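First the structure, in the form of structure tokens, and then the observations on it.
Position 1 is the first residue of the sequence; numbering continues from there. None of these values were measured; they are calculated from a predicted model.
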Amino acid sequence: MIKGLVILAQAIFSITPQGTQYGDFEVDYETTLDPPPPVLMIRQIQTEEQPIQIRLRNPVNSELFGPYLLTTGTALGDYIIRISNGLEFYLQKNLFEPGLGPFIATNGATVAVEGAIPERVIVAEPSTFRIIINSAVRGRDEKVQLGILPADAKGARGLTALQNNLVQINNFQKLDLAPRRYPDAPQIDWSVRDRYGNTPFYGYRDNVITPSAQSQAENRERAAFLAQSQVNLFMRNYCPQRSATIGNEFSFTPAAGGYIALAFCKAKSGQTIFWLTPFNIGEARHTTLRLTDDNARTWDTLFQ
């Protein structure tokens, strides 16, 4: 439906740098339209990361040892953990010895520690991604719409199309809000004389029409509705992980890799605000993204 509206608008109007041709009438809009962006522009919101924890299980009696924070410097018995790469780690008695390993921090992998027979089995917690919404941002009982998509070529194509659609909606909004000049219309100075020869009534009519405050408010509301509809359509088509929550936290357990988060909700001011950011899920890491007033954006600045 939205795409149809845009095509219909393009069919009715022929937009040029000088103005707009509507039928046989030339209208100049006192505004500047934005060209399609040359590249996809997404500003990153800083995320927080914490290492996962692991435990060691005795396979004979299921006794658990730990938890141990999977980060360099964590003490594990007489040893110190040293992270090598991702899930790979070593156990060293000091930082100058080669130590034991490498070991892989995945469920079912084993750790052979001197004096510990049989080998210990690793029990590792999964990496998680959490989105925490500042409850002071959104309106009362308003749901937050969340979508997560992989940062791949398909997602980039969809985001580029969304970016271009929002630019186009913003251009139509600019035309709706701009003063309109009719070059062929006459500009008239007029006055009315009373019987004494005075001119208590006079005025000037130019060839510019400015939309009323009510008309401008309605046009902004309509553009915001169209933009939100485009974001909703994108989330349905491109976000395999979606949620609509009235809670303050959303979490899921993804595979390591690059992702993009998209969210929106109605703020206490009544305006719909948006968040869009890329983020990375590292192996053996917990990632947290906080959505606040400071990193929220409006629909027309979502890709800036």
Side-chain angles (χ1 to χ4, degrees), residues 1-2 5-6 31 34 37 40-48 129-149 155 158-178 211-252 259-279 287-304:
M1 174 61 73
I2 302 304
L5 290 176
V6 172
T31 188
D34 297 322
L40 180 62
M41 297 179 291
I42 303 178
R43 188 171 67 174
Q44 186 167 14
I45 300 175
Q46 191 65 37
T47 55
E48 304 167 11
F129 175 71
R130 292 193 307 159
I131 294 180
I132 298 178
I133 303 106
N134 187 343
S135 59
V137 172
R138 65 182 178 191
R140 185 176 180 180
D141 298 329
E142 290 291 340
K143 289 184 178 181
V144 179
Q145 305 288 337
L146 301 168
I148 307 292
L149 66 147
L159 285 167
T160 300
L162 176 61
Q163 177 181 241
N164 291 337
N165 287 342
L166 294 184
V167 168
Q168 197 168 34
I169 292 172
N170 193 35
N171 281 336
F172 283 123
Q173 177 185 240
K174 285 184 175 183
L175 293 177
D176 285 337
L177 299 178
S212 66
Q214 180 179 350
S215 177
Q216 291 185 27
E218 292 172 351
N219 289 334
R220 289 192 177 95
E221 184 177 349
R222 181 168 59 250
F225 171 78
L226 292 174
Q228 184 174 325
S229 299
Q230 285 289 306
V231 173
N232 260 324
L233 181 62
F234 171 83
M235 291 175 71
R236 288 198 302 270
N237 291 338
Y238 289 92
C239 296
Q241 187 77 35
R242 297 192 307 274
S243 177
T245 177
I246 59 174
N248 294 327
E249 186 173 322
F250 165 81
S251 63
F252 76 108
Y259 296 87
I260 294 171
L262 175 61
F264 68 89
C265 73
K266 183 169 287 188
K268 289 184 176 180
S269 64
Q271 183 183 34
T272 300
I273 53 178
F274 299 80
W275 295 270
L276 176 66
T277 182
F279 65 93
T287 305
T288 301
L289 172 65
R290 298 183 184 275
L291 305 183
T292 67
D293 234 349
D294 294 333
N295 54 33
R297 302 171 92 57
T298 55
W299 69 265
D300 52 342
T301 62
L302 186 59
F303 287 93
Q304 296 179 7

To the closest 0.5 Å, what do you measure between [atom1] ([X]) and [atom2] ([Y])?
| X | Y | atom1 | atom2 | value |
| --- | --- | --- | --- | --- |
| L289 | Q44 | CG | CD | 9.5 Å |
| Q241 | M235 | CD | CE | 11.0 Å |
| N295 | I45 | CG | CD1 | 4.0 Å |
| F250 | R242 | CZ | CZ | 11.0 Å |
| L149 | I260 | CG | CD1 | 5.0 Å |
| F264 | L146 | CZ | CG | 9.5 Å |

If you look at every heavy atom in [X] and [Y], which pair is closest and at what distance?
| X | Y | answer |
| --- | --- | --- |
| T272 | Q228 | OG1-OE1, 3.3 Å |
| Q163 | L40 | NE2-CA, 3.6 Å |
| P211 | Q216 | O-NE2, 3.1 Å |

* Modelled atom types, side-chain donor and acceptor of T301 and T298, under 3.5 Å -> yes

* Before giving the answer on side chain to side chain donor-acceptor pair (under 3.5 Å), spell out for Q173 and N170 the whole-Å C-alpha distance, their side-chain angles and the decisive distance to 0.1 Å. => CA-CA 5 Å; Q173 177 185 240; N170 193 35; 3.1 Å; yes

* Residue pair N219, F172: steps toward the side-chain contact (heavy atoms from CB on, under 4.5 Å) verdict -> CA-CA 9 Å; N219 289 334; F172 283 123; over 6 Å; no

Does some side-chain heavy atom of [Y] sit less than 4.5 Å from a side-chain heavy atom of [X]?
| X | Y | answer |
| --- | --- | --- |
| I148 | I131 | yes |
| L276 | R297 | no |
| N134 | D293 | no |

Who pairs with [X] by salt bridge (charged side-chain N to carboxylate O under 4.0 Å, His left out), at least two apart in sequence or on another chain?
| X | result |
| --- | --- |
| E48 | R290 |
| R222 | D176 |
| R43 | none |

* To do: Check F129, F279, Y238 against Y259 for a ring-ring contact (aromatic ring centres under 6.0 Å, His included) and give me the one that passes.
  => F279

* **Those residues that, when tested against A217, pass side-chain contact (heavy atoms from CB on, under 4.5 Å) (two or more places apart)** =>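 Listed in chain order: nothing, the list is empty.
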
* To do: Output all residues satisfying side-chain contact (heavy atoms from CB on, under 4.5 Å) with A224, sequence neighbours left out; order by chain, then residue number.
  => W299

* To do: With sequence neighbours excluded, tell me which residues meet ring pair (Phe, Tyr, Trp, His ring centres under 6.0 Å) with F303.
  =>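 Per chain and number, F303 pairs via ring pair (Phe, Tyr, Trp, His ring centres under 6.0 Å) with no residue.
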
* **side-chain contact (heavy atoms from CB on, under 4.5 Å) partner of L226, chosen from L166, I169, N165** => I169

* To do: Answer yes or no: are there more than 12 heavy-atom neighbours, outside Q214 itself, under 6.0 Å from its atom CD?
  => no

